[in-house]
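This report concerns only the one structure given below.
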Amino acid sequence: MATIDEPLYPIAVLIDELKNEDIQLRLNSIRRLSTIARALGEERTRKELIPFLSENNDDDDEVLLAMADELGVFIPYVGGFEYANVLLPPLETLCTVEETCVRDKSVVSLCRIGTQMREQDLVDHFIPLIKRLAAGEWFTARVSSCGLFHIAYPSAPETFKTELRAIYSQLCQDDMPMVRRSAATNLGKFAATVEPAHLKTDIMSIFEDLTQDDQDSVRLLAVEGCAALGKLLEPQDCVAHILPVIVNFSQDKSWRVRYMVANQLYELCEAVGPEPTRSDLVPAYVRLLRDNEAEVRIAAAGKVTKFCRILNPELAIQHILPCVKELSTDSSQHVRSALASVIMGMAPVLGKDATIEQLLPIFLSLLKDEFPDVRLNIISKLDQVNQVIGIDLLSQSLLPAIVELAEDRHWRVRLAIIEYIPLLASQLGVGFFDDKLGALCMQWLKDKVYSIRDAAANNVKRLAEEFGPDWAMQHIVPQVLDLINNPHYLYRMTILHAVSLLAPVMGSEITCSQILPIVINASKDRVPNIKFNVAKVLQSLIPIVDQSVVEKTIRPCLVELSEDPDVDVRFFATQALQSTDQVMMSS
Amino acid sequence: MNGGGSVEAAEAVAEASAPVGAPLQLEWKFAQVFGERTAGEEVQEGTARSMARSRWSAVLFIDVDIISAIEFDRTGDHLATGDRGGRVVLFERTDTRDHGGNRRDLERMDFPINRHPEFRYKTEFQSHEPEFDYLKSLEIEEKINKIKWCQSANGALFLLSTNDKTIKFWKVQEKKVKKICDMNVDPAKAAGNGPLAVPGMSTSSKTYTANGGCLDKTLGLGNFPPGGASSLHLPVMTSIETSLVPRCRRIYAHAHDYHINSISNNSDGETFISADDLRINLWNLEISNQSFNIVDVKPANMEDLTEVITSAEFHPTHCNILAYSSSRGSIRLVDMRQSALCDSHTKLFEEQEVPGSRSFFTEIIASISDIKFAKDGRYILSRDYMTLKLWDINMDSGPVSTFQVHEYLRPKLCDLYENDSIFDKFECCLSGDGLRVATGSYSNLFRVFGCTDGSTEATTLEASKNPMRRQVQTPTRPSRSLGTLSRGFRRGADTSGADTNGNAFDFTTKLLHLAWHPTENSLACAASNSLYMYYA
């Protein structure tokens with residue numbers, strides 16, 4: 001007993017718990033697999049631990065997931081990259097389980113190990129593993145195999161390369177749609193490792209098969225491959241092979257496929273070059289912007305700015321802008337909302353003249369949209385327009401929009417607009433703000449919904465930060481402090497909260513002269529909730545004000561509160577008193 | 001952009017496999033019965049669970065064991081039943097080839113046919129429990145409304161089961177029961193516990209892993225083998241036996257305001273739909289916290305409600321097509337490619353009302369209780385209260401054929417209305433080869449019809465050990481003449497009436513649920529709490 005090497009004991013427990021009844025303990029042991037491996041040493045890890053893990057793979061998915069993750073970084077514990085291949089068998093079995101996340105993690109780990117393996121080991125161990133998985137009895141193994149080809153292919157000898165390409169092509173024609181989906185997903189990665197000569201022949205024919213698949217879910221993923229393959233091919237090949245496919249896809253019967261095209265199209269523009277973009281992709285995109293299905297228009301509208309950035313301004317004005325105009329009055333609010341969230345970004349692309357002439361009317365109509373999200377999306381991106389045309393042109397329409405949102409009956413809408421107020425203030429400037437928005441900010445402090453009052457208090461603080469203490473002293477603080485006399489205690493509490501936020505911004509002097517008297521006064525409130533909040537606020541004021549003020553004003557008030565009949569008031573007052581004591585001790 | 005195209009594609013596929021020739025009438029034989037109640041015995045000796053329930057009341061006990069769903073998997077190697085007690089029972093086929101066969105072939109679901117299928121009890125599990133919806137003050141029954149099998153993988157079986165509100169995804173897998181021996185720290189001596197149960201160990205070892213190396217005196221350290229790192233060894237597992245472990249993998253809940261009447265898997269292997277009275281939702285099997293509403297027939301004002309969804313099913317091969325039936329007797333075909341919200345149908349199948357035939361019951365008995373796609377996807381079978389109808393999805397003018405299930409009940413509709421039987425929801429099924437259709441009736445009877453051109457096959461069987469007992473010679477029926485429009489054909493009219501055998505029809509013994517084996521002429525049907533299997 002005395003001879004036991006003490007640190008070994010926890011490891012012995014860890015090892016035993018690899019097979020504990022309790023899943024949490026097993027998980028814990030698996031997560032600390034590296035500790036176990038270090039204790040066993042490299043050789044025993046290779047010869048005992050790894051085979052043990054390979055055999056015991058019918059555990060719960062959570063445990064298997066953790067195991068797959070750990071094994072991915074296990075190379076140092078088995079003796080370095082020359083022994084990396086011993087890690088393949090346990091991961092191979094994990095690649096065949098039914099739970100998708102375990103398989104995905106195993107594939108990631110295998111890829112990580114594969115990239116560190118010696119070339120010869122890849123040929124001797126990794127490629128046979130891919131072949132076994134690809135010929136797996138159950139679809140799960142075949143699904144996993146698709147994600148491994150790109151690791152082994154570059155180091156494979158010529159004969160193996162031919163074979164790997166053939167196997168991949170086979171997987172793309174598998175009976176199970178799950179396997180074809182996985183093959184389609186990983187095609188881009190695999191294609192990036194294949195030599196240009198084979199890319200044009202083998203890979204393109206695989207790709208064409210996938211683009212004609214019966215299952216929508218497979219064709220969808222083939223669309224994603226378009227952009228990836230397009231970037232690998234020479235522009236002329238891309239025009240010859242990818243362009244027709246994508247143009248076809250943009251008119252696919254399935255709206256989901258068109259939706260994917262709408263999302264991906266701008267990425268292809270660079271791959272095919274300016275001329276085919278003008279002649280083929282722009283018309284395709286225009287069709288998508290006018291699609292029957294709202295979901296497709298939403299996706300297309302969301303990419304308008306990205307697409308226009310690639311085009312020259314003339315093309316954008318000539319072809320895209322008319323569609324944008326139509327979309328701004330689209331029947332679906334979600335389409336308008338998607339458009340509103342990106343349309344402001346078009347201003348820098350189009351330049352000042354076109355923006356004023358063409359975009360401004362669209363902004364203005366969207367600012368008057370009946371759907372609040374649309375208006376909010378415009379307001380949230382206001383800074384981008386400001387840089388191009390200045391705020392003056394917008395401000396006239398802006399104010400009614402803001403006022404309307406500020407009074408929207410849905411509190412979430414009011415909340416959203418409050419969050420943009422500091423941004424608006426910085427864009428619009430002090431003058432505009434004083435006239436129009438100041439009153440709104442005070443009004444929110446008296447909102448019926450707590451979240452709004454809370455946000456309004458924060459807003460007041462951010463405004464003070466934006467415009468400085470002097471301005472705040474004139475325009476905010478008096479108004480806020482006035483509200484402390486509100487008959488409803490919940491509103492008085494909001495003011496206390498606002499005050500505690502404002503104090504650090506305003507600085508010691510104003511706090512002592514303006515804020516503190518009000519707070520002290522509130523300690524005489526008849527509602528206990530106000531009183532214990534006063535105690536909390538006073539505590540927060542301690543670091544801001546002078547030591548002498550703490551002694552003279554805050555402490556007596558707290559002492560009084562600490563003798564309050566209400567237990568909560570006493571509690572918070574005592575707490576605050578303790579912190580005054582601490583401050584005194586430290587000083 | 002027109003969904004019609006994809007429906008046409010379905011035609012092309014279906015064309016090739018259209019049934020040819022009129023096969024002979026099948027001789028049905030009894031194969032097996034599970035959970036049979038012997039005469040005079042009200043309470044069947046069963047599982048501990050059933051026994052526990054029987055303590056409350058015999059009525060309740062009988063109720064919970066009544067089968068409420070039957071489903072064969074795609075290969076026909078497994079059969080699942082669900083009951084009112086929320087339990088799912090699995091059966092497996094015993095007469096097929098060795099299990100070492102090529103699994104890839106199994107996935108393709110073709111295998112050699114040997115004899116008539118024989119099944120044995122495999123396992124059972126409690127899928128749903130009774131719940132209470134506190135927001136709506138509603139009790140949610142545990143009764144299984146539907147079961148659907150999913151793609152199996154790695155020898156594990158997967159299935160979806162649903163009650164009125166919640167769909168669950170189950171995995172049933174054979175697991176080795178393992179015994180651990182040869183531990184580093186002998187738990188038996190250390191904590192005085194058995195070799196498997198080591199709670200004492202667990203709690204104290206936690207402090208270890210946290211502090212790393214502090215010794216806990218309560219553990220019998222004397223059992224720890226001395227000798228440094230080399231003495232550490234991995235636990236040795238000895239497997240004793242295997243057992244089937246059902247595990248609920250995902251729960252798809254809170255997506256239906258009304259009662260779920262159907263679920264159906266998509267051919268893409270990753271999505272499925274669930275339908276309630278007013279809506280159809282689309283789910284991804286891997287994502288349980290969101291679904292997409294694809295069909296919504298709820299009117300803005302509930303007073304304008306004229307029909308509800310009664311059943312919905314995906315096309316067997318075309319991932320974008322689904323069909324749903326309504327309480328007004330129509331079937332709608334929807335193309336999910338056309339738009340994200342499929343409220344407008346691509347095709348509508350409805351039978352025109354025969355003028356002058358209208359009565360109080362017309363609308364009630366028109367309600368479709370079940371629809372099924374034939375395996376090739378070209379035909380849809382529908383069941384309303386009095387008939388089975390076979391529809392060709394290329395012909396929306398009317399059904400290809402209509403089969404009278406229990407025409408003798410027509411004069412009794414009034415009684416059936418009085419005792420609510422008229423609202424019974426009978427299921428229907430098609431044979432794997434598409435040559436025959438079957439559905440249930442009262443008095444534990446079910447009927448099988450030949451549905452090929454010129455077939456006169458119309459068999460009445462009883463769910464008992466002697467299925468042909470009630471077999472009556474059906475009178476000659478008009479055979480289908482070439483060239484005539486097939487609309488309005490009424491075949492299989494069993495005019496012999498109810499009392500041929502002197503038995504009064506029993507409305508309480510109704511055969512609602514039945515399923516046809518996907519590859520063979522074998523039927524599984526539920527009579528109350530018994531599962532009867534027949535072959536031909």
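Bear in mind the structure is a predicted one, so any value in this text is a computation, not a measurement. Labels below follow one simple rule: chain letters A, B, ... track the order of the sequence lines, proteins then strands, and each chain is numbered from 1.
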Should Asn154(B) and Glu98(A) be marked as a side-chain hydrogen bond (donor to acceptor under 3.5 Å, both in side chains) after you check the CA-CA gap, both sets of side-chain angles, and the distance that decides it?
CA-CA 7 Å; Asn154(B) 285 349; Glu98(A) 317 81 51; 3.1 Å; yes
Assert top hit (heavy-atom pairs under 4.5 Å, partner chain A, pool Gly269(B), Ala340(B), Cys319(B)) equals Ala340(B)
>> Using a strict threshold of under 4.0 Å (side-chain N to carboxylate O), is an ion pair present between Glu43(A) and Lys47(A)?
In response: yes
Under 4.5 Å to a heavy atom of chain B? For Arg180(A) that would be neither
The interface call for Asp60(A) against chain B, heavy-atom contacts under 4.5 Å, is both
Apply side-chain hydrogen bond (donor to acceptor under 3.5 Å, both in side chains) to residues Ser332(A) and Asp330(A) and explain how you reach the verdict.
CA-CA 5 Å; Ser332(A) 160; Asp330(A) 196 280; 4.6 Å; no
Turns out that what part of Glu99(A) lies under 4.5 Å from chain B's heavy atoms comes down to side chain
Q) Is there a side-chain contact between Arg142(A) and Leu133(A), using heavy atoms and a 4.5 Å cut-off? A) no
Under the criterion side-chain hydrogen bond (donor to acceptor under 3.5 Å, both in side chains), I'd like the reasoning laid out for Thr100(A) against Glu286(B): C-alpha separation, chi angles, the key distance, then a yes or no. CA-CA 8 Å; Thr100(A) 315; Glu286(B) 307 229 326; 2.3 Å; yes
So, the part of Glu48(A) with a heavy atom under 4.5 Å from chain B: the answer is both
Q. Charged N to carboxylate O under 4.0 angstrom, Glu293(A) versus Arg258(A)?
A. no
Checked Gln173(B), Arg249(B), Met336(B) vs chain A; the most non-hydrogen pairs under 4.5 Å come from Arg249(B)
Answer yes or no: is there a side-chain heavy-atom contact under 4.5 Å between Leu285(B) and Thr271(B)? no
The interface call for Leu40(A) against chain B, heavy-atom contacts under 4.5 Å, is side chain
So, the part of Glu270(B) with a heavy atom under 4.5 Å from chain A: the answer is both
Cut-off 4.5 Å, heavy atoms of chain B, and the answer for Asp58(A) is both
